[in-house]
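What follows is one structure encoded as structure tokens, with my remarks underneath.
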Amino acid sequence: MTEFKIADPRGFLGTTRRDFVKGAGAVAAAVATGVAGRGTAYADDRVLNLLSWPGHGDPAFVKPFEEKYGVKVVAKEYVGGEPMLALINQSPPGTFDVVLADAEYIHMLQEGGLIDALNPADFPLADYWPEFQHFPLHWVGDKLYSVMIRFGYLGMAYRSDALTPDDVKSYKALWNPKAKGKVGFFDWYLPTMGCLSLYDGNKPPFDIADPAFGRLKKTLFSLKPQESGFYSMADQFAMLTNGSAAVIPGVGDWVVLLLQKNGVPVDAVVPEEGGIQWTESMSVVSTSTKKDLAKAFIQYASSPEGQFRSARLPAYWASIPNKKGWEQMNKEAPVDAVKLRHTFDKRNVMDEYKDGKIFIRQTPAKQSIEAWNDAWSEFKAM
């Protein structure tokens with residue numbers, strides 16, 4: 001069985017929405033005319049190929065599905081929306097069966113003809129919290145293109161031995177002298193700039209006019225004296241553990257929960273200005289030759305059992321939208337339900353949503369992706 005290695009010589013970190021859709025359209029046209037050859041990656045019919053954020057191919061999550069269907073789930077991992085776009089846009093048709101993507105990129109995938117419309121009746125959306133049953137980024141008109149699997153809130157993760165709960169009530173903590181030289185950054189523009197946009201008073205944070213975008217850049221650049229480094233997904237855990245970073249904006253519980261389990265003095269907060277919701281969603285790739293199996297995998301991932309397992313993914317924990325998944329967690333892992341704030345008898349993660357403090361993460365509405373990415377690159381190079 002041969003693995004196809006996907007090259008990304010150009011990269012999509014500077015792409016615009018128009019550039020991506022144009023490129024995706026070319027691939028779709030090639031498929032329609034038979035110009036593009038079928039991918040040879042994992043040609044075995046007993047394999048489901050998944051394109052996803054790290055950790056979603058872990059046996060802790062996929063083993064029940066593999067055993068039920070007698071298949072192997074093989075995951076190609078990425079970090080960040082633009083690398084995902086590059087991989088799926090540049091790969092031969094048939095390379096992937098299911099894509100787990102951030103919700104803000106679903107419309108791009110749909111416009112590029114890269115994912116299929118889904119029948120809502122095939123999935124347990126009625127078991128989801130009402131706020132997520134018709135999640136706007138998953139629908140185009142009355143057509144569903146993706147199913148929410150996990151979500152979480154982004155504000156700040158911080159060392160509780162360096163900053164106090166009072167210090168982190170506001171994003172002003174990032175300029176606190178206590179954090180000088182110890183403000184770390186997840187090396188992806190969208191989460192951090194979204195949180196700083198909230199600090200600037202922009203609600204929603206990603207739909208801002210050019211003058212507000214200019215102010216956002218100034219706010220971002222003013223943090224340079226506080227900066228300790230730009231971290232990969234894995235490095236964030238290490239830097240918070242060894243204290244190199246006292247606070248990291250644009251991240252949240254998904255970072256700190258595993259560290260707390262290991263005794264690291266860290267916590268996460270959604271400051272008074274609000275936080276950003278990240279959302280991971282699954283879609284059927286349009287060129288998949290195993291669409292029934294792909295649909296079955298999404299059905300499993302959105303079921304109570306799949307949700308329960310996905311919430312406690314070894315790579316990073318997350319909130320889940322299926323209330324029956326919450327019920328299973330409270331029954332089988334009540335301590336974890338408390339940690340994830342997935343309880344029914346006290347304040348839980350849905351309350352911050354209801355309080356109006358949470359804004360869905362999206363790609364820029366009035367500027368190009370490239371403009372925001374250029375600002376981030378300029379900040380890193382200062």
Side-chain angles (χ1 to χ4, degrees), residues 53 80-81 102-104 129 131-132 135-137 148-160 163-176 179 183-208 212 216 219-220 223 231 233 236 240 245-260 266-281 311 316-321 339-342 346-365 372 376:
W53 278 83
D102 298 292
E104 59 266 34
W129 287 95
E131 291 84 350
F132 302 140
F135 194 65
L137 299 185
M148 182 187 298
I149 305 300
R150 292 150 50 93
F151 71 96
Y153 303 146
L154 305 176
M156 295 185 292
Y158 67 98
R159 291 273 308 199
S160 54
L163 296 168
T164 69
D166 283 341
D167 290 332
V168 296
K169 286 182 177 179
S170 165
Y171 289 107
K172 290 179 182 178
L174 301 173
W175 290 267
N176 192 315
V183 177
F185 295 94
F186 179 25
D187 195 5
W188 184 26
Y189 74 96
L190 206 56
T192 298
M193 292 181 70
C195 288
L196 293 181
S197 185
L198 286 174
Y199 174 71
D200 280 349
N202 301 316
K203 297 181 180 181
F206 299 102
D207 188 358
I208 60 177
L216 174 57
T219 299
L220 176 65
L223 280 172
Y231 309 138
M233 190 171 179
Q236 293 175 92
L240 282 169
V247 59
I248 302 178
V251 294
D253 284 342
W254 70 270
V255 172
V256 306
L257 285 172
L258 293 180
L259 295 180
Q260 288 174 340
V266 293
D267 208 344
V269 62
V270 174
E272 59 190 17
E273 296 93 346
I276 308 294
Q277 178 180 321
W278 60 268
T279 310
E280 292 177 347
S281 313
Y316 58 103
W317 287 17
S319 294
I320 51 175
K339 290 179 180 177
L340 281 164
R341 294 185 293 148
H342 280 33
K346 61 186 69 174
R347 186 174 174 85
N348 60 47
V349 295
M350 296 306 299
D351 288 308
E352 284 176 318
Y353 203 96
K354 295 171 184 175
D355 290 345
K357 291 183 64 177
I358 303 302
F359 298 84
I360 298 170
R361 190 174 68 196
Q362 301 186 48
T363 51
W372 283 53
W376 184 251

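Model, not experiment: these values are computed from the prediction.
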Fill in: Counterpart residues, side-chain hydrogen bond (donor to acceptor under 3.5 Å, both in side chains), relative to Tyr171 (two or more places apart)
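With neighbours one apart ignored, the set is empty.
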Worksheet item: Which residues pass the side-chain hydrogen bond (donor to acceptor under 3.5 Å, both in side chains) test with Glu280, sequence neighbours left out?
Response: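 With sequence neighbours excluded, Glu280 shows a side-chain hydrogen bond (donor to acceptor under 3.5 Å, both in side chains) to His56, Arg150, Tyr316, given in chain and number order.
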Would a distance-only check, ignoring hydrogens and angles, find a side-chain to backbone donor-acceptor pair under 3.5 Å from [X] to [Y]?
| X | Y | answer |
| --- | --- | --- |
| Arg159 | Leu240 | yes |
| Glu273 | Gly201 | no |
| Asn348 | Met350 | yes |

Mind checking what makes ring-ring contact (aromatic ring centres under 6.0 Å, His included) contact with [X], not counting sequence neighbours?
| X | result |
| --- | --- |
| Phe135 | His138 |
| Phe206 | Trp372 |
| Tyr353 | Phe132 |

Response to the item:
Tested for side chain to side chain contact (heavy atoms under 4.5 Å, CB included) against Tyr153, the lone hit among Asp253, Ile276, Val270 is Val270
What's the shortest heavy-atom distance between [X] and [Y], and which atoms?
| X | Y | value |
| --- | --- | --- |
| Pro271 | Val269 | CD-O, 3.4 Å |
| Asp167 | Ala173 | O-CB, 3.1 Å |
| Phe186 | Trp376 | O-CZ2, 3.5 Å |
| Gly81 | Trp188 | N-CZ2, 3.3 Å |
| Ala318 | Leu340 | O-CD2, 3.6 Å |
| Ala268 | Gly252 | CB-C, 3.7 Å |

Spacing of [X] atom [atom1] and [Y] atom [atom2] [to the nearest 0.5 Å]:
| X | Y | atom1 | atom2 | value |
| --- | --- | --- | --- | --- |
| Leu198 | Leu216 | CG | CG | 10.0 Å |
| Leu154 | Arg361 | CG | CZ | 6.0 Å |
| Trp254 | Trp317 | CH2 | CH2 | 15.0 Å |
| Thr363 | Tyr189 | OG1 | OH | 6.5 Å |
| Thr192 | Asp187 | OG1 | CG | 9.0 Å |
| Leu163 | Leu174 | CG | CG | 9.0 Å |

Flag side-chain contact, heavy atom, 4.5 Å: [X] against [Y]:
| X | Y | result |
| --- | --- | --- |
| Pro364 | Leu190 | yes |
| Leu196 | Leu223 | yes |
| Tyr158 | Val256 | no |
| Ile360 | Leu137 | yes |
| Arg347 | Asp355 | yes |

Item to complete: Just jot down the side-chain contact (heavy atoms from CB on, under 4.5 Å) partners of Ser319, sequence neighbours excluded, or say none.
Response: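 Once residues adjacent in sequence are excluded, the partners of Ser319 under the side-chain contact (heavy atoms from CB on, under 4.5 Å) criterion are Phe151, His342, Val349.
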Fill in: Side-chain H-bond candidate by donor/acceptor type, Ser197 with Asp200, under 3.5 Å
no
